[in-house]
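Report on the structure given below.
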Amino acid sequence: MSKITKMIILLVAGMCLLTGFVTTTTASTNILVESDHEYANNFDYIWPEISHPEATQMRLHFTKLELDFDDKLILLDKDGNKLVTFKDYSNEDFWTEWYTGNTIKVKLETNRYGTAYGFKIDQVETRNDMAPSGDLPESYHSYANNFNYIWPEISRPEATQMRLHFTKLELNFDDKLILLNRDGNKLVIFKDYNNEDFWTEWYTGNTIKVKLETNRYETAYGFKIDQVEIRTNPESISMDIKETPSSSSAPFAYITNGGSNNVSVIDTVNNTVIAVVDVGSDPFGVAVAPDGKKVYVANMGSNNISVIDTATNSVTDTIDAGINPRGIAVSPDGTKIYVVNSASNNVSVIDTVTNNVTASVTAGGIPYGVAVNPDGTKVYVTNGDIGNENNTVSVIDTISNNVTATVTAGGIPYGVAVTPDGTKVYVANWGSDNVSVIDTTSNNITARVNITKPIGITVSPDGKKVYVTNVSNNLSVIDTANNTVTATVNVGSDPSGVAVTPDGKKVYVVNSGSNNVSVIDTASNIVIATVPTGNTPRAFGQFISGSVSNSAAPAGPECKEIKDYLPVYTNGVNLNIINKVGKDILVVWTKADSREPVFKVNILNEQNRTVTTPTGIVDEYIRISYPQEVCSWYRVIQATNSGHTQLESGYDYTVTYYWGSNGTGLTPIPDSEAPE
C-alpha cells in the first residue's frame, strides 16, 4: 500500500523585483508653478492645475518654499480637497509625499503681515499603476496618501491554512494594512506598525487578500511580502510549538493604546509587535486570564469590556460595564473579572463563562486600580478622589461581594499590587509621593516608600521586588525585604502601566508620552529594548500573559546526556522531526497516560531527524536546552484525543518544533513528572 504523506509545505515565492515599478519624472526648464518673489500680503490664489491624465499617483518637487508667519501653501486634489498644508515653512530642494490621483492644484493664502520668498515648483513625478507588479503583493516605497487598494488575492487552492512572510512592514500614523479572507472578512489589522522579517499568524482557508488604507498625512515605506506558507491537511500533526501564554518562557504583552483604540500584541521573546487588535474607545485597563486564552480590555470611552481571543487575536465579545471603566483584574481561577468604574464609583463583577455582570459593589470616590489576592478571596480597589489627600483602598470579600474594610492609603492612590504570598499590598499614591505597604491580616499601613508621583505598580514573581512607574520618567525598584528603593531606571516619557514576565527576568514599562514600551533586564536594571506601540499606550494592569503571582515554571536539573532509544517497530510510521527551537532538544514519546518511553531522540538545533515510530496513541514530552545550560521539561498538549497524539498506520508525518505564536501548546512540568 502506498503511503500518504502528511506534512507542512513551505512555498517560497520569488522575490518581487523592483523592475515592475512604473514612474515618470517630468522636469522642464520652464517652471511648472511659481509665486512672485516675494509674494504679496492679503493674497489668495489657486494656480492652474497640474494634471497628468494617465497618472494614478503624483508628487511635486520644490526648488524652494519659504513662507512667513501664518501664511499657507495648500495642495488640493482635483475636487478641491486638501492634500497637505505647509504653514510657516522654509525648505529647499525637496519632494512632497506621494498623493493618490492625477491632478494637483496649488493654492497660496497669505495674511496682511510680513512676506517671504514664496515657492517654485519645477518637477512632477507620476506613477501609472496602483502598485508594483509581482507574484506577491508589494506597495510602492513610499506609498501614497489618500490610498485605498486591495491587491489581487493570494490563493493556494490546495491549502487549508495559510500565513505570509513580510520582509518589511512600516506604516505611518493611523495608516492600516488589513488582511482579509476570501469573503472579505478581516483576519488582522496592522496599524501604526513597524517590523521586519516576520511571519503572520496562521489563518484558516486558502485565500488571503491584502488591503492598504492610508490617510492624507505622512507616508512610510509600506510593505513587501516574499513568502507564503501553507498547510494542506487539517488532520496532519502540526507540532508547531507555541509557548502558550500560560507558560513562562515566551509570554505575550498586550498593550492598550488609548489614542489608537487598539491593543498592540508584543512577543516578549523577540520584542516585536505581532498583531494589532481594534477594541473599544479609549482603552485603558487590561488583564490576561490565568490560562492565557483571553485578554480583557476596559474601554474607558465606550463604557465596555472587549474580550480578545489570544489564539486569533480577535475580539470575540463585548461586555457592558459602568461609566469610565479603568482598572480590571481576573480572579486566579479565571472565573471572574473585576472592573473598576471610575465615574460610577463601583466595581462590576463579571462571570467569564456567561460574560454577564453578576454583581456591582460600591467603592470609594473615583476608583482607579484593582488587584486580586492569590487565593481569590479578596479584591483591593484604590479610590483616587482628586482633592482628597486621605484617599482609601476598599477591601472586597469575593464571596459576599461586600466591602469588608477600608484602609486609608495616601493621596490619590492609583496602582495596586498584591505579593505572591498574599501578605502585603503595595499602593502607588500619586498625590502624596509615596507607596503604602498594607499588611493584609491587620489592614494596617506598615511602611511608606517615598517615590515622586508613582502611578503603575507590580510585584516580581518571587515577591522580592516591587516595580513602580513615576512622573520622573523612570522606574523605581523597591526591595520588599526592607521597603527601600534600590534602583532607578530611566524609561520613556510619561510611564504608566508596568508588568513582569512570569520568569521574573524582564520588566515591561508602558510609556504613554513616547508611544512605546521599555523592556528592562531585571538582573542588570538596564533597558534592553524599546518597542513602538500605538498612540497613548497605558496598559494599566497585568498585561503580560502568565500570572506574576505564580512562581516561575519549574526547571529540571542540569541537563545530562540521554542517549537515543530508537527500537525497530514492525509496521511503524516514518516521523521526520525538524528542530527550529533555537536550542538542542530531546523529544520523548511515551505510552498514553504513562511516563514509560517508547522512544527517545535528540535533535540538534536547526537539524532534522527521521525515525520509525509505533502506531497507536502516545504522549509527547520535550526537554529544551539539551544538553547545554539548565534545561526545562514540557509536555505537549494536543487539542484532540483527550490530549494525546494518534499515529496512524500508512502515514508519514513531519513534525516541526519552533517558538512561535500558533500551534500546539506546551505545559511546563517539574523534573519529577518527566518521562522515566
Minimum heavy-atom distance between [X] and [Y], given as atom pair plus value:
X: D619; Y: S594; value: OD2-N, 4.0 Å
X: K176; Y: L212; value: O-CD1, 3.3 Å
X: I585; Y: V587; value: CD1-CG2, 3.9 Å
X: P283; Y: N299; value: CB-OD1, 3.5 Å
X: V288; Y: V330; value: O-CG2, 4.1 Å
X: G534; Y: P537; value: O-CD, 3.7 Å

Exercise. Near K168 NZ, under 6.0 Å, is it more than 12 heavy atoms from other residues, nucleotides or ligands?
Worked result: yes
Exercise. Around atom CD of E218, are there more than 12 heavy atoms of other residues, nucleotides or ligands at under 6.0 Å?
Worked result: no
Side-chain heavy-atom pair [X], [Y] within 4.5 angstrom cut-off:
X: L575; Y: W589; result: yes
X: F198; Y: I274; result: no
X: V307; Y: Y296; result: yes
X: V295; Y: T310; result: yes
X: F599; Y: T612; result: no
X: V297; Y: F543; result: no
X: V210; Y: L179; result: yes
X: V188; Y: E201; result: no

Exercise. For the residue pair W151 and Y149, does the interplanar ring angle fall in the parallel (under 30°), tilted (30 to 60°) or perpendicular (over 60°) class?
Worked result: perpendicular
Can you tell me how far the [atom1] atom of [X] sits from the [atom2] atom of [Y], to the nearest 0.5 Å?
X: L177; Y: L169; atom1: CG; atom2: CG; answer: 5.5 Å
X: I578; Y: R609; atom1: CD1; atom2: CZ; answer: 14.0 Å
X: D317; Y: D309; atom1: CG; atom2: CG; answer: 11.5 Å
X: E54; Y: T126; atom1: CD; atom2: OG1; answer: 5.5 Å
X: N355; Y: T316; atom1: CG; atom2: OG1; answer: 7.5 Å
X: H165; Y: Q227; atom1: NE2; atom2: CD; answer: 5.5 Å

For the residue pair [Y] / [X], report whether a side-chain donor-acceptor contact shorter than 3.5 Å exists.
X: E153; Y: T207; result: no
X: N172; Y: T219; result: no
X: N271; Y: Y508; result: yes

Ignoring hydrogens and geometry, is there a side-chain-to-backbone donor-acceptor pair from [X] to [Y] under 3.5 Å?
X: N181; Y: D183; result: yes
X: R538; Y: T256; result: no
X: S496; Y: V510; result: no
X: N511; Y: S514; result: no
X: T533; Y: N515; result: yes
X: D320; Y: N304; result: no
X: T501; Y: K506; result: yes
X: Q542; Y: I544; result: yes
X: S545; Y: G292; result: no
X: K209; Y: R182; result: yes

For this session: Compute both the distance and the angle, then confirm whether R326 meets the cation-pi test with F284: under 6.0 Å from the six-membered ring centre, within 45 degrees of the axis.
Result: yes
Exercise. Under the ring pair (Phe, Tyr, Trp, His ring centres under 6.0 Å) test, which residues partner Y221, sequence neighbours left out?
Worked result: H141
Seminar exercise, completed: In T200, D226, D197, N195, the residue satisfying side chain to side chain contact (heavy atoms under 4.5 Å, CB included) with F166 is T200
Problem set entry | Name of the residue among I178, I150, D175 meeting side chain to side chain contact (heavy atoms under 4.5 Å, CB included) with E213 | I178
Problem set entry | L180 and K186: CA distance, side-chain angles, deciding distance, side-chain contact (heavy atoms from CB on, under 4.5 Å) verdict | CA-CA 5 Å; L180 310 165; K186 293 179 182 178; 3.8 Å; yes
Problem set entry | Worked check of side-chain hydrogen bond (donor to acceptor under 3.5 Å, both in side chains) between N576 and T610 | CA-CA 4 Å; N576 181 40; T610 299; 3.1 Å; yes
Exercise. Please walk me through it: do W633 and L586 pass side-chain contact (heavy atoms from CB on, under 4.5 Å)?
Worked result: CA-CA 9 Å; W633 278 103; L586 167 71; 3.8 Å; yes
Problem set entry | Working for side-chain contact (heavy atoms from CB on, under 4.5 Å), residues W98 and R59 | CA-CA 5 Å; W98 283 96; R59 67 173 181 167; 3.5 Å; yes
For this session: Would you please name every residue forming a side chain to side chain donor-acceptor pair (under 3.5 Å) with T335, sequence neighbours left out?
Result: D333
For this session: List the steps and the verdict of side-chain contact (heavy atoms from CB on, under 4.5 Å) for N535 and N257.
Result: CA-CA 5 Å; N535 296 318; N257 301 306; 5.7 Å; no
